[in-house]
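This report refers to the structure that appears directly beneath it.
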There are 2 protein chains.
Amino acid sequence: MKDKKKYTYEYPRPALATDCVIFGFDGGSLKLLLTEREKEPFKNKWALPGGFVHMDETTDECAERILKEKVGVKNVFVEQLYTFSETDRDPRERVVSVSYFALVNKHQYELVAGRDTLKAEWFELADLPKLAFDHSKIVKMAILRLKGKVSYQPIGFELLNEKFTLSQLQSLYEAILETSIDKRNFRKKILSLGILKVLEEKEKNVARKAAWYYSFDKKAYKELTQKGIYFEI
Amino acid sequence: MKDKKKYTYEYPRPALATDCVIFGFDGGSLKLLLTEREKEPFKNKWALPGGFVHMDETTDECAERILKEKVGVKNVFVEQLYTFSETDRDPRERVVSVSYFALVNKHQYELVAGRDTLKAEWFELADLPKLAFDHSKIVKMAILRLKGKVSYQPIGFELLNEKFTLSQLQSLYEAILETSIDKRNFRKKILSLGILKVLEEKEKNVARKAAWYYSFDKKAYKELTQKGIYFEI
DNA sequence: ACCATTAGTGTATTTTTTACACTTTTTGTG
DNA sequence: CACAAAAAGTGTAAAAAATACACTAATGGT
């Protein structure tokens, strides 16, 4: 035991970790991806996927690594959320957590996940279990951030497939903002931004009028924001 | 030297520090409070006031301590900005910095500062010296945050005296947003929010029509936001 | 054939934002 | 003491944006 401890410093240091709040959308409601803890403390409790920051990686890189290694997702939208530093947030010793929030397309995720990842499960945002550590607090902040951000940055698209219908997009906004939006006004607004392109493809095998698919036009969005024009829904 | 190093861990840990971006306003333009470094690295260069996080304090508390000890300001608006974790951001060893931004009433500050604080100076935002470490990057982000935040949260008031005229408030907004605002429209808008109260006091000894003093009505603001109504300028 | 279901569309009203100019008050100066 | 200088304070009309609202079109299932 003593032998293991080999990194020595002049002053005490907190451990530094990263925790990830991972949002997904299944067409109806927002979900959160949680992992079951394998060890004490909080063994068998649900928690945000997280881990300690390595000496050769930034916290951003650490978050990406956790997303990939622990839950099998990569190339997704990740953004730093907040740093939590309450001295007693981990019962073992002091751990400061730089938290991140990620937006994942649930369908893509289901293809990648599985292998040597942790036991992970999607939970309804409205029906979360009690979480380990201060993770409920972190989730709360992430939800606020997502709500705030979604109306002035096109991050919502990260939660959908590359092609999507306007109704799907509207459902997503309604789920995030917890409100209902008038269909005509929504379409008017979102199309007027000029950041969507209609594809030459409709839904198939639906027992109703098929909807056109759209995709997010990243180039148009970049031009828009570079000109200093704010996106707002 | 060896004797000094007495804190030992199983895995290596970055040092954890806090840096503060402190904004002030003098009626005309926005300023930033910088301290001169007393030691290497970057000895005698200008830098953000900062320091290492103690084991018994949160990063918030650390930021407050730095504001108080190093530059002599207290009871000011402080908010976490972002955590910077590039592995090479400090040439000595790995230091992760949780940065904060603070808004200070320059007049109040001038009363408190001085004693056993560091050499500190206000700099024009438009005319900053080259800064130590990655502090320029931190400042850039703080400016963006301030600009973004000022139009939907009444943080601007923190930079003014408790009583202020509408013209002073407008100048502040113009300085932060780097734009000019129509006087009548500004007054209409800001008064319609119902978060200002007119005092029964005017300016004195000014060679023009004296302006009424106003103060920020925290109670009204709280009620407003608790009802879920967004403040926006 | 028809039923159920959701896609897709336009207009009128209200609210918000913008643009714009003159009078009032006070001090300092000649 | 008249007048100049300086910024305070004030209203309205026009334009733009947000909102409220209801029917027809297309498709697969029964």
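Remember, it's a predicted structure, so these values are computed and weren't measured experimentally. So you know, we letter chains A, B, ... as the sequences are listed, proteins then strands, and number each from 1.
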Inset, instruction - Quickly, which of A/Lys70, A/Lys45, A/Lys119 forms a salt bridge (Lys or Arg N to Asp or Glu O under 4.0 Å) with A/Glu36? Name it, please. - result: A/Lys119
Legend entry - Results of side chain to side chain contact (heavy atoms under 4.5 Å, CB included) for B/Lys130 - residues two or more places apart only: none
Inset, instruction - Write down the atom of A/Leu81, the atom of A/Ile138, and the distance for their closest heavy-atom approach. - result: CD2-O, 3.8 Å
Legend entry - Residues in contact with DNA chain C, drawn from residues 167-181 of chain A - heavy-atom cutoff 4.0 Å: A/Ser167
Legend entry - Pairs satisfying salt bridge (Lys or Arg N to Asp or Glu O under 4.0 Å), at least one member in residues 147-159 of chain B, at least two apart: B/Glu79-B/Lys149, B/Lys147-B/Glu178
Inset, instruction - Of all the heavy-atom pairs spanning B/Arg89 and B/Asp19, show the shortest one and how long it is. - result: NH2-OD2, 3.7 Å
Legend entry - Under 4.0 Å protein heavy-atom contact, by nucleotide of nucleotides 14-20 of chain D - B base, S sugar-phosphate only: ----SBB
Inset, instruction - Send over the distance from B/Leu191 CG to D/dT10 C1', rounded to a whole Å. - result: 12 Å
Strictly under 3.5 Å: I want the nitrogen or oxygen pairs between protein and nucleotides 23-27 of chain D, one per line.
from: D/dA26; atom 1: N3; to: A/Lys209; atom 2: N; distance (Å): 3.0
from: D/dT27; atom 1: O4'; to: A/Arg208; atom 2: O; distance (Å): 3.1
from: D/dT27; atom 1: O2; to: A/Ala207; atom 2: O; distance (Å): 3.3
from: D/dT27; atom 1: O2; to: A/Arg208; atom 2: N; distance (Å): 3.1

Legend entry - First and last nucleotide of DNA chain C, 5' to 3', lying under 4.0 Å from heavy atoms of chain B: C/dT17 to C/dT27
Inset, instruction - Could you note down all residue pairs passing salt bridge (Lys or Arg N to Asp or Glu O under 4.0 Å) where residues 188-203 of chain A supplies at least one of them, sequence neighbours left out? - result: A/Lys163-A/Glu201, A/Glu203-A/Arg208
Inset, instruction - With sequence neighbours excluded, tell me which residues meet side chain to side chain contact (heavy atoms under 4.5 Å, CB included) with A/Lys140. - result: none
Using atom types as modelled, flag every donor-acceptor pair under 3.5 Å from a side chain in residues 210-223 of chain A to any protein atom, sequence neighbours excluded.
from: A/Asp217; atom 1: OD1; to: A/Lys219; atom 2: N; distance (Å): 3.3
from: A/Asp217; atom 1: OD1; to: A/Ala220; atom 2: N; distance (Å): 3.1

Legend entry - Contacts of type side chain to side chain contact (heavy atoms under 4.5 Å, CB included), residue A/Arg37, not counting sequence neighbours: A/Pro41, A/Phe42, A/Ala47, A/Arg92, A/Ala132, A/Phe133
Inset, instruction - List in chain and number order the residues that pass side chain to side chain donor-acceptor pair (under 3.5 Å) with A/Ser29, two or more places apart in sequence or in another chain; answer none if no residue qualifies. - result: A/Glu124
Inset, instruction - For B/Ser171, check side chain to side chain contact (heavy atoms under 4.5 Å, CB included) against everything at least two apart and list the hits. - result: B/Phe25
Inset, instruction - Might you point out which heavy atoms bring A/Thr59 and A/Gln80 nearest each other, and give the distance in Å? - result: OG1-OE1, 4.3 Å
